[in-house]
K.L.:
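Starting off with a structure, shown below.
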2 protein chains.
Amino acid sequence: MNEAKAPETEKAEPFQRLGEIGLSNFAPYLMNRIMGRYNADLRQEMTGLGLTTPKMRALAVLSVIDDLPISDLAVYAVVEQSTLSRALDQLASDGLVRRAPDPNDSRVTRIGITDTGRAALDQLWPSMARIYAQMFKDIPDEERQAFVTTLQKMLKNIRKHDF
Amino acid sequence: MNEAKAPETEKAEPFQRLGEIGLSNFAPYLMNRIMGRYNADLRQEMTGLGLTTPKMRALAVLSVIDDLPISDLAVYAVVEQSTLSRALDQLASDGLVRRAPDPNDSRVTRIGITDTGRAALDQLWPSMARIYAQMFKDIPDEERQAFVTTLQKMLKNIRKHDF
DNA sequence: CAAAATAATATGCATTTGCAATTATAAATC
DNA sequence: GATTTATAATTGCAAATGCATATTATTTTG
(Lines give C-alpha, C1' and ligand atoms only; values in the text may rest on other atoms or scores of the structure.)
Protein backbone atom coordinates (compact mmCIF):
# COMPACT_ATOMS: atom_id res chain seq x y z
CA MET A 1 0.00 0.00 0.00
CA ASN A 2 1.03 3.56 -0.50
CA GLU A 3 -0.33 5.59 2.40
CA ALA A 4 1.53 8.83 2.87
CA LYS A 5 3.82 8.57 5.88
CA ALA A 6 3.16 10.84 8.84
CA PRO A 7 5.50 13.81 9.05
CA GLU A 8 8.16 13.69 11.74
CA THR A 9 7.29 17.06 13.16
CA GLU A 10 3.84 17.09 14.69
CA LYS A 11 3.67 20.84 15.32
CA ALA A 12 0.62 22.92 16.15
CA GLU A 13 -0.38 24.51 12.84
CA PRO A 14 -3.64 26.46 12.34
CA PHE A 15 -4.75 23.01 11.39
CA GLN A 16 -3.16 20.05 9.68
CA ARG A 17 -4.58 18.76 6.43
CA LEU A 18 -5.92 15.24 6.20
CA GLY A 19 -2.96 14.04 4.19
CA GLU A 20 -0.66 15.17 6.97
CA ILE A 21 -2.65 13.53 9.72
CA GLY A 22 -3.10 10.33 7.74
CA LEU A 23 -6.29 8.32 7.61
CA SER A 24 -5.12 5.94 10.29
CA ASN A 25 -4.56 8.76 12.76
CA PHE A 26 -7.81 10.56 12.06
CA ALA A 27 -10.31 9.47 14.67
CA PRO A 28 -13.50 10.20 12.69
CA TYR A 29 -12.20 8.15 9.80
CA LEU A 30 -11.36 5.19 12.00
CA MET A 31 -14.72 5.45 13.75
CA ASN A 32 -16.58 5.46 10.44
CA ARG A 33 -14.59 2.45 9.29
CA ILE A 34 -15.26 0.53 12.50
CA MET A 35 -18.94 1.40 12.72
CA GLY A 36 -19.40 0.67 9.03
CA ARG A 37 -18.23 -2.87 9.63
CA TYR A 38 -20.10 -3.21 12.90
CA ASN A 39 -23.37 -2.08 11.35
CA ALA A 40 -22.89 -4.15 8.20
CA ASP A 41 -22.12 -7.28 10.22
CA LEU A 42 -25.13 -6.69 12.41
CA ARG A 43 -27.40 -6.04 9.44
CA GLN A 44 -26.64 -9.52 8.19
CA GLU A 45 -27.90 -11.01 11.44
CA MET A 46 -30.97 -8.77 11.49
CA THR A 47 -32.36 -9.70 8.10
CA GLY A 48 -33.11 -13.20 9.28
CA LEU A 49 -35.16 -11.73 12.11
CA GLY A 50 -37.12 -9.30 9.93
CA LEU A 51 -35.35 -6.34 11.47
CA THR A 52 -33.71 -3.34 9.86
CA THR A 53 -31.16 -0.99 11.36
CA PRO A 54 -33.72 1.68 12.35
CA LYS A 55 -36.08 -0.92 13.82
CA MET A 56 -33.27 -2.63 15.72
CA ARG A 57 -31.94 0.65 17.07
CA ALA A 58 -35.34 1.70 18.29
CA LEU A 59 -35.78 -1.61 20.08
CA ALA A 60 -32.29 -1.49 21.55
CA VAL A 61 -32.85 1.96 23.01
CA LEU A 62 -36.30 1.07 24.31
CA SER A 63 -34.93 -2.02 26.01
CA VAL A 64 -32.90 0.33 28.19
CA ILE A 65 -35.10 3.44 28.36
CA ASP A 66 -38.75 2.66 27.84
CA ASP A 67 -41.69 4.91 27.03
CA LEU A 68 -39.88 7.60 25.09
CA PRO A 69 -41.45 10.32 22.97
CA ILE A 70 -40.74 9.65 19.31
CA SER A 71 -38.60 12.76 18.96
CA ASP A 72 -36.38 11.70 21.86
CA LEU A 73 -36.21 8.16 20.55
CA ALA A 74 -35.00 9.49 17.21
CA VAL A 75 -32.08 11.18 18.93
CA TYR A 76 -31.19 8.21 21.10
CA ALA A 77 -31.49 5.79 18.21
CA VAL A 78 -29.64 7.99 15.70
CA VAL A 79 -32.45 7.68 13.16
CA GLU A 80 -34.11 10.49 11.21
CA GLN A 81 -37.50 11.33 12.64
CA SER A 82 -39.39 10.50 9.46
CA THR A 83 -37.53 7.24 9.02
CA LEU A 84 -38.24 6.35 12.62
CA SER A 85 -41.92 7.16 12.22
CA ARG A 86 -42.17 4.56 9.46
CA ALA A 87 -40.02 2.03 11.30
CA LEU A 88 -42.39 2.37 14.26
CA ASP A 89 -45.34 1.69 11.95
CA GLN A 90 -43.82 -1.67 11.18
CA LEU A 91 -42.72 -2.44 14.71
CA ALA A 92 -46.19 -1.60 16.01
CA SER A 93 -47.99 -3.68 13.41
CA ASP A 94 -45.66 -6.57 14.30
CA GLY A 95 -46.48 -6.02 17.96
CA LEU A 96 -42.92 -5.23 19.02
CA VAL A 97 -43.74 -1.75 20.28
CA ARG A 98 -46.86 0.15 21.22
CA ARG A 99 -47.78 3.77 20.63
CA ALA A 100 -49.43 5.59 23.50
CA PRO A 101 -50.53 9.22 23.61
CA ASP A 102 -48.79 11.26 26.26
CA PRO A 103 -51.39 12.29 28.87
CA ASN A 104 -49.73 15.65 29.53
CA ASP A 105 -48.98 16.76 26.01
CA SER A 106 -51.23 15.50 23.30
CA ARG A 107 -48.72 16.34 20.58
CA VAL A 108 -46.51 13.61 21.95
CA THR A 109 -46.69 9.90 21.26
CA ARG A 110 -44.73 7.74 23.63
CA ILE A 111 -43.31 4.42 22.50
CA GLY A 112 -43.21 1.38 24.70
CA ILE A 113 -41.50 -1.91 24.00
CA THR A 114 -43.61 -5.05 24.33
CA ASP A 115 -42.58 -8.45 25.61
CA THR A 116 -42.50 -9.59 22.00
CA GLY A 117 -40.22 -6.69 21.24
CA ARG A 118 -37.89 -7.65 24.05
CA ALA A 119 -37.90 -11.20 22.84
CA ALA A 120 -36.98 -10.11 19.32
CA LEU A 121 -34.08 -8.10 20.68
CA ASP A 122 -33.00 -11.02 22.87
CA GLN A 123 -32.73 -13.09 19.74
CA LEU A 124 -30.37 -10.58 18.23
CA TRP A 125 -28.36 -9.86 21.32
CA PRO A 126 -25.97 -12.84 21.09
CA SER A 127 -24.84 -11.60 17.68
CA MET A 128 -24.42 -8.06 18.96
CA ALA A 129 -22.44 -9.33 21.94
CA ARG A 130 -20.28 -11.49 19.70
CA ILE A 131 -19.41 -8.62 17.35
CA TYR A 132 -18.82 -6.37 20.36
CA ALA A 133 -16.45 -8.93 21.85
CA GLN A 134 -14.65 -9.29 18.54
CA MET A 135 -14.22 -5.54 18.39
CA PHE A 136 -12.45 -5.45 21.77
CA LYS A 137 -10.55 -8.70 21.35
CA ASP A 138 -7.19 -8.49 23.14
CA ILE A 139 -7.96 -5.02 24.43
CA PRO A 140 -7.64 -4.93 28.22
CA ASP A 141 -10.60 -3.91 30.33
CA GLU A 142 -8.82 -0.86 31.60
CA GLU A 143 -8.13 0.35 28.08
CA ARG A 144 -11.71 -0.27 27.03
CA GLN A 145 -12.98 1.70 29.99
CA ALA A 146 -10.69 4.62 29.23
CA PHE A 147 -11.90 4.46 25.66
CA VAL A 148 -15.53 4.64 26.74
CA THR A 149 -14.75 7.55 29.03
CA THR A 150 -13.32 9.46 26.10
CA LEU A 151 -16.36 8.57 24.00
CA GLN A 152 -18.63 9.99 26.67
CA LYS A 153 -16.72 13.26 26.64
CA MET A 154 -16.87 13.37 22.85
CA LEU A 155 -20.61 12.82 22.80
CA LYS A 156 -21.05 15.65 25.27
CA ASN A 157 -18.94 17.86 23.06
CA ILE A 158 -20.77 17.13 19.85
CA ARG A 159 -24.36 16.43 20.76
CA LYS A 160 -27.12 18.94 20.19
CA HIS A 161 -29.48 17.67 22.89
CA ASP A 162 -29.22 17.20 26.63
CA PHE A 163 -28.83 13.46 26.38
CA MET B 1 -34.38 10.58 32.64
CA ASN B 2 -35.43 7.08 33.42
CA GLU B 3 -32.60 4.81 32.46
CA ALA B 4 -33.13 1.36 33.94
CA LYS B 5 -30.78 0.61 36.82
CA ALA B 6 -28.79 -2.59 36.74
CA PRO B 7 -30.41 -5.43 38.69
CA GLU B 8 -28.87 -6.30 42.05
CA THR B 9 -28.38 -9.95 41.38
CA GLU B 10 -27.89 -11.65 38.09
CA LYS B 11 -26.75 -15.20 37.52
CA ALA B 12 -23.42 -15.65 35.75
CA GLU B 13 -24.44 -15.27 32.13
CA PRO B 14 -22.04 -15.77 29.25
CA PHE B 15 -22.53 -12.08 28.53
CA GLN B 16 -24.32 -9.04 29.97
CA ARG B 17 -27.45 -7.73 28.32
CA LEU B 18 -27.64 -4.24 26.95
CA GLY B 19 -29.83 -3.00 29.78
CA GLU B 20 -27.17 -4.08 32.23
CA ILE B 21 -24.34 -2.39 30.39
CA GLY B 22 -26.36 0.75 29.78
CA LEU B 23 -26.34 2.74 26.57
CA SER B 24 -23.77 5.19 27.87
CA ASN B 25 -21.28 2.43 28.60
CA PHE B 26 -21.76 0.57 25.35
CA ALA B 27 -19.03 1.69 23.00
CA PRO B 28 -20.79 0.88 19.70
CA TYR B 29 -23.80 2.89 20.80
CA LEU B 30 -21.70 5.91 21.72
CA MET B 31 -19.75 5.63 18.49
CA ASN B 32 -22.94 5.55 16.43
CA ARG B 33 -24.24 8.57 18.29
CA ILE B 34 -21.03 10.51 17.78
CA MET B 35 -20.58 9.60 14.14
CA GLY B 36 -24.24 10.25 13.46
CA ARG B 37 -23.75 13.82 14.59
CA TYR B 38 -20.38 14.20 12.92
CA ASN B 39 -21.72 13.00 9.58
CA ALA B 40 -24.91 15.04 9.84
CA ASP B 41 -22.97 18.19 10.68
CA LEU B 42 -20.59 17.59 7.83
CA ARG B 43 -23.41 16.87 5.39
CA GLN B 44 -24.75 20.36 6.00
CA GLU B 45 -21.44 21.85 4.92
CA MET B 46 -21.18 19.56 1.91
CA THR B 47 -24.49 20.41 0.30
CA GLY B 48 -23.32 23.93 -0.42
CA LEU B 49 -20.36 22.47 -2.29
CA GLY B 50 -22.39 19.98 -4.32
CA LEU B 51 -20.93 17.04 -2.42
CA THR B 52 -22.60 14.06 -0.84
CA THR B 53 -21.22 11.77 1.84
CA PRO B 54 -20.06 9.09 -0.61
CA LYS B 55 -18.48 11.65 -2.92
CA MET B 56 -16.77 13.44 -0.05
CA ARG B 57 -15.46 10.20 1.42
CA ALA B 58 -14.03 9.11 -1.90
CA LEU B 59 -12.26 12.45 -2.28
CA ALA B 60 -10.99 12.39 1.29
CA VAL B 61 -9.46 8.94 0.87
CA LEU B 62 -7.97 9.79 -2.51
CA SER B 63 -6.39 12.93 -1.09
CA VAL B 64 -4.31 10.62 1.10
CA ILE B 65 -3.97 7.48 -1.04
CA ASP B 66 -4.31 8.21 -4.71
CA ASP B 67 -4.90 5.90 -7.66
CA LEU B 68 -6.90 3.22 -5.93
CA PRO B 69 -8.91 0.45 -7.58
CA ILE B 70 -12.61 1.09 -7.09
CA SER B 71 -13.05 -1.98 -4.92
CA ASP B 72 -10.30 -0.85 -2.56
CA LEU B 73 -11.63 2.67 -2.53
CA ALA B 74 -15.03 1.32 -1.48
CA VAL B 75 -13.45 -0.30 1.56
CA TYR B 76 -11.37 2.72 2.52
CA ALA B 77 -14.28 5.10 2.01
CA VAL B 78 -16.85 2.90 3.75
CA VAL B 79 -19.24 3.12 0.81
CA GLU B 80 -21.02 0.24 -0.92
CA GLN B 81 -19.34 -0.58 -4.15
CA SER B 82 -22.41 0.10 -6.27
CA THR B 83 -23.06 3.39 -4.53
CA LEU B 84 -19.45 4.35 -5.03
CA SER B 85 -19.63 3.46 -8.70
CA ARG B 86 -22.41 6.01 -9.15
CA ALA B 87 -20.73 8.61 -6.96
CA LEU B 88 -17.64 8.28 -9.16
CA ASP B 89 -19.78 8.89 -12.24
CA GLN B 90 -20.68 12.26 -10.82
CA LEU B 91 -17.22 13.09 -9.53
CA ALA B 92 -15.72 12.19 -12.90
CA SER B 93 -18.23 14.22 -14.88
CA ASP B 94 -17.52 17.16 -12.56
CA GLY B 95 -13.82 16.66 -13.16
CA LEU B 96 -12.95 15.92 -9.53
CA VAL B 97 -11.59 12.44 -10.21
CA ARG B 98 -10.46 10.52 -13.25
CA ARG B 99 -10.94 6.86 -14.13
CA ALA B 100 -7.95 5.05 -15.58
CA PRO B 101 -7.76 1.40 -16.61
CA ASP B 102 -5.18 -0.59 -14.69
CA PRO B 103 -2.42 -1.62 -17.10
CA ASN B 104 -1.81 -4.96 -15.35
CA ASP B 105 -5.38 -6.09 -14.80
CA SER B 106 -7.96 -4.90 -17.23
CA ARG B 107 -10.81 -5.72 -14.86
CA VAL B 108 -9.59 -2.94 -12.62
CA THR B 109 -10.30 0.76 -12.90
CA ARG B 110 -8.08 2.98 -10.84
CA ILE B 111 -9.32 6.30 -9.56
CA GLY B 112 -7.15 9.37 -9.36
CA ILE B 113 -8.03 12.69 -7.77
CA THR B 114 -7.60 15.80 -9.91
CA ASP B 115 -6.42 19.24 -8.86
CA THR B 116 -10.04 20.32 -9.01
CA GLY B 117 -10.91 17.44 -6.71
CA ARG B 118 -8.25 18.47 -4.22
CA ALA B 119 -9.49 22.04 -4.41
CA ALA B 120 -13.04 20.89 -3.65
CA LEU B 121 -11.84 18.96 -0.64
CA ASP B 122 -9.74 21.91 0.51
CA GLN B 123 -12.91 23.97 0.56
CA LEU B 124 -14.52 21.46 2.88
CA TRP B 125 -11.54 20.82 5.09
CA PRO B 126 -11.95 23.83 7.39
CA SER B 127 -15.41 22.57 8.34
CA MET B 128 -14.11 19.06 8.91
CA ALA B 129 -11.29 20.40 11.03
CA ARG B 130 -13.68 22.55 13.02
CA ILE B 131 -16.05 19.67 13.79
CA TYR B 132 -13.05 17.48 14.59
CA ALA B 133 -11.75 20.09 17.01
CA GLN B 134 -15.17 20.43 18.60
CA MET B 135 -15.29 16.68 19.09
CA PHE B 136 -12.03 16.67 21.05
CA LYS B 137 -12.61 19.94 22.87
CA ASP B 138 -11.02 19.82 26.34
CA ILE B 139 -9.64 16.37 25.70
CA PRO B 140 -5.88 16.35 26.23
CA ASP B 141 -3.58 15.32 23.41
CA GLU B 142 -2.38 12.30 25.31
CA GLU B 143 -5.91 11.05 25.82
CA ARG B 144 -6.75 11.61 22.17
CA GLN B 145 -3.70 9.67 21.10
CA ALA B 146 -4.53 6.77 23.40
CA PHE B 147 -8.04 6.84 21.98
CA VAL B 148 -6.74 6.64 18.42
CA THR B 149 -4.45 3.77 19.38
CA THR B 150 -7.44 1.83 20.67
CA LEU B 151 -9.38 2.65 17.51
CA GLN B 152 -6.55 1.24 15.41
CA LYS B 153 -6.66 -2.01 17.36
CA MET B 154 -10.42 -2.18 16.99
CA LEU B 155 -10.25 -1.69 13.24
CA LYS B 156 -7.71 -4.48 12.99
CA ASN B 157 -10.02 -6.70 15.00
CA ILE B 158 -13.12 -6.05 12.99
CA ARG B 159 -12.01 -5.36 9.43
CA LYS B 160 -12.38 -7.95 6.70
CA HIS B 161 -9.56 -6.68 4.50
CA ASP B 162 -5.84 -6.15 4.96
CA PHE B 163 -6.16 -2.41 5.27
C1' DC C 1 -56.82 36.16 25.38
C1' DA C 2 -56.15 36.34 20.42
C1' DA C 3 -52.41 35.82 17.25
C1' DA C 4 -48.05 34.26 16.24
C1' DA C 5 -44.38 31.29 17.04
C1' DT C 6 -42.79 26.81 18.41
C1' DA C 7 -43.08 21.80 18.83
C1' DA C 8 -44.31 16.77 17.81
C1' DT C 9 -45.58 13.56 14.47
C1' DA C 10 -46.95 11.89 9.96
C1' DT C 11 -46.77 11.84 5.00
C1' DG C 12 -45.87 13.08 -0.14
C1' DC C 13 -42.30 12.81 -3.19
C1' DA C 14 -37.93 12.79 -5.48
C1' DT C 15 -33.51 10.90 -4.62
C1' DT C 16 -30.49 7.48 -2.90
C1' DT C 17 -29.43 3.08 -1.57
C1' DG C 18 -28.27 -1.75 -1.68
C1' DC C 19 -29.07 -6.21 -3.48
C1' DA C 20 -28.93 -9.15 -7.33
C1' DA C 21 -27.85 -9.91 -11.83
C1' DT C 22 -24.75 -8.79 -15.84
C1' DT C 23 -20.56 -8.31 -18.29
C1' DA C 24 -15.83 -8.73 -18.79
C1' DT C 25 -11.39 -10.37 -17.37
C1' DA C 26 -8.16 -13.16 -14.72
C1' DA C 27 -6.83 -17.24 -11.98
C1' DA C 28 -7.26 -21.95 -10.77
C1' DT C 29 -8.12 -26.63 -11.83
C1' DC C 30 -8.30 -30.79 -14.32
C1' DG D 1 -5.11 -25.37 -22.71
C1' DA D 2 -9.96 -25.67 -22.17
C1' DT D 3 -13.23 -25.28 -18.54
C1' DT D 4 -14.56 -23.89 -14.14
C1' DT D 5 -14.27 -20.64 -10.59
C1' DA D 6 -13.25 -16.16 -8.77
C1' DT D 7 -12.82 -11.07 -9.07
C1' DA D 8 -13.91 -6.12 -10.76
C1' DA D 9 -17.08 -2.94 -12.10
C1' DT D 10 -21.60 -1.47 -13.75
C1' DT D 11 -26.59 -1.39 -13.93
C1' DG D 12 -31.75 -2.60 -13.23
C1' DC D 13 -34.97 -2.30 -9.89
C1' DA D 14 -37.52 -2.34 -5.64
C1' DA D 15 -37.11 -0.52 -1.20
C1' DA D 16 -35.44 2.89 2.00
C1' DT D 17 -34.19 7.50 2.96
C1' DG D 18 -34.46 12.40 3.89
C1' DC D 19 -36.23 16.81 2.92
C1' DA D 20 -40.03 19.67 2.82
C1' DT D 21 -44.59 20.11 4.10
C1' DA D 22 -49.05 19.24 6.42
C1' DT D 23 -51.52 18.65 10.62
C1' DT D 24 -52.48 19.10 15.23
C1' DA D 25 -51.31 20.81 19.76
C1' DT D 26 -48.88 23.86 22.92
C1' DT D 27 -46.42 27.94 24.37
C1' DT D 28 -45.19 32.65 23.93
C1' DT D 29 -46.10 37.33 22.89
C1' DG D 30 -48.34 41.66 22.28
Side-chain angles (χ1 to χ4, degrees), chain A residues 32 36-37 39-48 50-58 67-94 97-112 160-163, chain B residues 32 36-37 39-48 50-58 62 67-93 97-112 160-163:
Chain A
N32 267 327
R37 265 266 59 86
N39 290 319
D41 287 352
L42 204 49
R43 190 152 7 132
Q44 295 242 51
E45 312 284 343
M46 292 182 323
T47 46
L51 290 176
T52 61
T53 298
K55 293 207 278 181
M56 175 277 286
R57 288 188 178 176
D67 256 325
L68 283 172
I70 292 175
S71 51
D72 288 3
L73 182 55
V75 175
Y76 276 111
V78 196
V79 176
E80 277 290 318
Q81 191 266 328
S82 61
T83 302
L84 179 61
S85 179
R86 285 182 264 246
L88 292 173
D89 288 344
Q90 296 182 48
L91 286 172
S93 77
D94 290 350
V97 304
R98 119 182 49 75
R99 281 184 162 98
D102 186 297
N104 300 322
D105 184 340
S106 46
R107 292 171 301 183
V108 172
T109 302
R110 285 180 176 270
I111 306 297
K160 299 248 161 76
H161 296 81
D162 301 332
F163 52 85
Chain B
N32 268 327
R37 266 265 60 85
N39 290 318
D41 288 352
L42 204 48
R43 192 150 9 136
Q44 295 241 60
E45 311 284 343
M46 292 182 323
T47 45
L51 290 176
T52 62
T53 297
K55 294 206 277 180
M56 173 277 286
R57 287 187 178 176
L62 292 170
D67 255 326
L68 283 172
I70 292 175
S71 52
D72 288 3
L73 182 55
V75 175
Y76 277 111
V78 195
V79 176
E80 277 290 319
Q81 198 263 343
S82 62
T83 301
L84 179 60
S85 179
R86 284 182 265 245
L88 292 174
D89 288 344
Q90 296 181 49
L91 287 173
S93 78
V97 304
R98 114 183 56 74
R99 282 183 162 99
D102 186 297
N104 301 322
D105 185 338
S106 47
R107 292 171 301 183
V108 172
T109 302
R110 286 180 175 269
I111 307 296
K160 298 248 161 76
H161 297 80
D162 300 332
F163 51 86

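Throughout, protein chains are lettered first and strands after them, A, B, ... in sequence-line order, and every chain is numbered starting at 1. On a predicted model such as this, the values are computed, not experimentally measured, just so you know.
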K.L.:
Name the closest nucleotide to the B:T83 side chain, picking from D:dA9, C:dA8, C:dG18.
P.N.:
C:dG18
K.L.:
What integer distance in Å separates B:N104:CG from D:dT7:P?
P.N.:
18 Å
K.L.:
Taking donor-acceptor contacts at under 3.5 Å, does the side chain of A:R86 reach the base of D:dG18?
P.N.:
yes
K.L.:
Starting from P on D:dT17, measure out to CG on A:N39 and report it in whole angstrom.
P.N.:
12 Å
K.L.:
Rounded to the nearest Å, what distance is computed from the CZ atom of residue B:R110 to the P atom of nucleotide D:dA9?
P.N.:
9 Å
K.L.:
Using the C1' atoms of five pairs at each end, what's the angle between the two axes of the helix from C:dC1-D:dG30 to C:dC30-D:dG1, to 10 degrees?
P.N.:
30°
K.L.:
Nearest whole angstrom, please: distance from the C1' of C:dC19 to the CG of B:L84.
P.N.:
16 Å
K.L.:
Please give me the minimum heavy-atom distance between B:A58 and B:L84, naming the atom from each residue.
P.N.:
CB-CD1, 4.0 Å
K.L.:
Is there a side-chain contact (heavy atoms from CB on, under 4.5 Å) between A:L88 and A:T109 once you walk through the steps?
P.N.:
CA-CA 11 Å; A:L88 292 173; A:T109 302; over 6 Å; no
K.L.:
Do the side chain of B:R107 and the base of D:dT7 come within less than 3.5 angstrom through a donor-acceptor pair of N or O atoms?
P.N.:
yes
K.L.:
Would you compute the distance between atom OG of A:S71 and atom NE2 of A:H161 and round it to the nearest 0.5 angstrom?
P.N.:
7.5 Å
K.L.:
Establish, with yes or no, whether the OP1 or OP2 oxygen of C:dT9 is under 4.0 angstrom from a side-chain nitrogen or oxygen of A:S71.
P.N.:
yes
K.L.:
What is the separation between atom CD on B:Q81 and atom P on C:dA20, rounded to the nearest whole Å?
P.N.:
14 Å
K.L.:
What is the distance, to the nearest angstrom, from the CE atom on A:M46 to the P atom on C:dG18?
P.N.:
12 Å
K.L.:
So, A:K55 side chain and A:G50 main chain: donor-acceptor pair closer than 3.5 Å or not?
P.N.:
yes
K.L.:
Salt-bridge test for B:R110 and B:D72: reply yes if a basic N is under 4.0 Å from a carboxylate O, no otherwise.
P.N.:
no
K.L.:
Which whole-number value in Å describes the distance from B:D72 CG to D:dA8 P?
P.N.:
8 Å
K.L.:
What is the distance from CD of A:Q44 to P of C:dG18, rounded to the nearest Å?
P.N.:
13 Å
K.L.:
Would you confirm whether B:R57, through its side chain, and B:V78, through its main-chain N or O, come within 3.5 Å as a donor-acceptor pair?
P.N.:
yes
K.L.:
Any base atoms under 4.0 Å from B:R99, or only sugar-phosphate, or nothing? Heavy atoms, all strands.
P.N.:
sugar-phosphate
K.L.:
So, do A:D41 and B:K160 sit near enough that their side-chain heavy atoms are less than 4.5 Å apart?
P.N.:
yes
K.L.:
Of the candidate nucleotides D:dG18, D:dT10, C:dG18, which contains the atom at the shortest distance from the side chain of A:R43?
P.N.:
C:dG18
K.L.:
Of A:D105 and A:S82, whose nearest nucleotide on DNA chain C comes first from the 5' end?
P.N.:
A:D105
